[in-house]
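Heads up: the structure comes next, in structure tokens.
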2 protein chains.
Amino acid sequence: MEEIMDVAEEFHLKVIEDATEALGSRFFSGRYAGKYAGTIGDFGAYSFNGNKIITTGGGGAVTARDAGAVEHMRYISTQAKDDPHYYIHNEIGFNYRMTNLQAALGVAQLEELPKFIRRKQQNYRLYEEQFLDFPLGKLLPFCRGTDSNHWFYSLEIAMDQIHASLRDIITALQERGVQTRAIWGLIHEQLPYRGAIAYQMERAPYYSSCIINLPCSTQITEEEICYVAEQVRDVLEGEKL
Amino acid sequence: MEEIMDVAEEFHLKVIEDATEALGSRFFSGRYAGKYAGTIGDFGAYSFNGNKIITTGGGGAVTARDAGAVEHMRYISTQAKDDPHYYIHNEIGFNYRMTNLQAALGVAQLEELPKFIRRKQQNYRLYEEQFLDFPLGKLLPFCRGTDSNHWFYSLEIAMDQIHASLRDIITALQERGVQTRAIWGLIHEQLPYRGAIAYQMERAPYYSSCIINLPCSTQITEEEICYVAEQVRDVLEGEKL
């Protein structure tokens with residue numbers, strides 16, 4: 001974020017933080033020590049989709065450094081009503097607000113956030129132990145100087161030391177009752193964007209080729225984590241060159 | 001709809017029915033006898049906003065004559081996932097689906113729809129009686145040949161026979177504890193569209209100038225309806241030229 005904010009300042013750019021998965025994550029060192037993800041740029045976006053650290057079933061939240069910008073987002077996302085009784089809309093509005101049921105769920109979920117984060121951190125440490133001295137796969141660390149919400153656990157596989165493709169590994173694990181996931185498809189490789197400008201893709205294709213994401217529900221048990229790790233190690237060992 | 005569909009056929013146009021408020025309304029005579037609003041054109045849209053005849057808190061539903069079109073709408077409104085496990089998106093997708101909580105509410109609400117429509121019809125008839133021989137305001141009828149859901153009750157006021165403006169009338173009623181509403185602002189008069197082409201606005205400005213919508217909750221009581229009608233008549237009588 002320090003580098004991004006420096007570039008933004010130099011070129012007078014607005015920064016929109018995609019903090020969709022990062023609710024509760026914060027810096028504890030550096031220029032932004034104490035600051036939460038999503039509150040450093042000009043705008044921040046959080047997702048409350050079903051798979052996120054807290055959920056409202058769908059939807060999310062936006063933040064802004066400028067209170068006027070928050071008001072404006074509220075205005076255009078609530079049909080841009082300038083007069084609630086006479087239907088005056090001085091801007092083109094949208095119907096993007098959360099329902100009252102979703103908001104109620106969100107309030108209750110928010111109370112659980114510290115507990116969910118603790119659980120995610122504990123589960124991460126357990127996974128980390130399970131792969132500590134394992135040469136074919138290592139759990140990706142979180143950014144130094146941050147207190148991450150540990151939402152997701154990514155295993156970097158030493159593809160140069162095994163036979164199987166990533167898809168084969170995912171399929172083999174699926175057959176053992178362990179659902180793992182590839183990382184999200186890279187945007188510049190998606191059909192609608194193949195004609196778009198894409199440059200300096202240095203690390204993304206590499207990670208895309210060698211990462212599987214491990215089960216990360218806050219409801220997963222220690223036994224299940226050990227089982228997952230055992231199956232992953234076993235499948236990878238079996239494919240060793 | 002007959003005229004609209006004739007024009008669409010002649011010029012090979014697609015028809016999108018804005019049936020947002022018309023759920024459960026149908027034709028009982030003419031070419032579309034037995035057909036529900038929203039199911040005659042190529043596409044239909046229903047709203048389940050909080051003020052509609054059934055609600056899911058927000059959101060709605062779309063219909064299409066062509067099953068492939070329904071599938072395509074489901075696809076693009078659910079992030080255009082071509083492969084649920086490997087995040088392949090062959091079109092630009094959106095996140096417009098309803099949450100599971102909203103859907104559950106909607107299913108329960110749908111079961112109540114016939115009851116809500118009956119109540120709306122009963123309340124309409126009661127309002128109609130209340131204004132039957134009243135020269136200063138008459139309840140707008142519903143389209144002939146249709147079995148309307150009677151969602152909303154519009155009173156057409158004889159503005160040429162009274163002193164007050166429509167806003168004055170609404171304010172006076174508000175002071176007596178009766179909330180009435182002007183009809184929605186005309187789109188061509190809204191600031192963002194004032195530069196847009198607008199033509200053949202024959203009846204809309206007239207209705208906009210003389211209609212108030214009366215309280216129409218399915219939970220309104222007969223006594224409340226009589227009170228509302230009495231206050232409306234009283235306010236209008238007091239302003240008589």
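A note on names: the letters A, B, ... follow the listed sequences, proteins ahead of strands, and every chain is numbered from 1.
The two atoms that bring A:G185 and B:Y87 nearest to each other are N-CB, 3.3 Å, heavy atoms only.
Here the CG atom belonging to A:L101 is positioned 9.0 Å from the OG1 atom belonging to B:T56, to the nearest 0.5 angstrom. To the nearest 0.5 Å, atoms OH (A:Y96) and OH (B:Y96) are separated by 3.0 Å. Taken from OH in A:Y86 to CD1 in B:I183, the straight-line distance is 12.5 Å, to the nearest 0.5 Å.
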Might you work through the side chain to side chain contact (heavy atoms under 4.5 Å, CB included) test for A:L191 and B:I88, ending with a clear yes or no?
CA-CA 8 Å; A:L191 192 56; B:I88 307 297; over 6 Å; no

Kindly determine whether A:N49 and B:N95 satisfy side chain to side chain contact (heavy atoms under 4.5 Å, CB included), including the steps that lead there.
CA-CA 10 Å; A:N49 233 346; B:N95 206 350; 3.7 Å; yes

Worked verdict on A:I92 versus B:Y193 for side chain to side chain contact (heavy atoms under 4.5 Å, CB included)
CA-CA 9 Å; A:I92 293 175; B:Y193 298 109; 3.6 Å; yes

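Not a single donor-acceptor pair under 3.5 Å links the side chain of B:Q190 to the backbone N or O of A:E91.
Between chain A and the options B:N100, B:I187, B:I170, heavy-atom pairs under 4.5 Å are most frequent for B:I170. Among A:H89, A:H85, A:R97, A:R167, the residue making the largest number of heavy-atom pairs under 4.5 Å with chain B is A:R167.
Counted within 6.0 Å of CD1 on A:I16, heavy atoms from surrounding residues, nucleotides or ligands total 12 or fewer; the atom is thus considered open.
Residues of residues 172-181 of chain B lying under 4.5 angstrom from chain A, judged on non-hydrogen atoms, are B:Q179, B:R181 in numerical order. Within residues 102-111 of chain B, the residues approaching chain A closer than 4.5 Å by heavy atoms are, in numerical order, B:Q102, B:L105.
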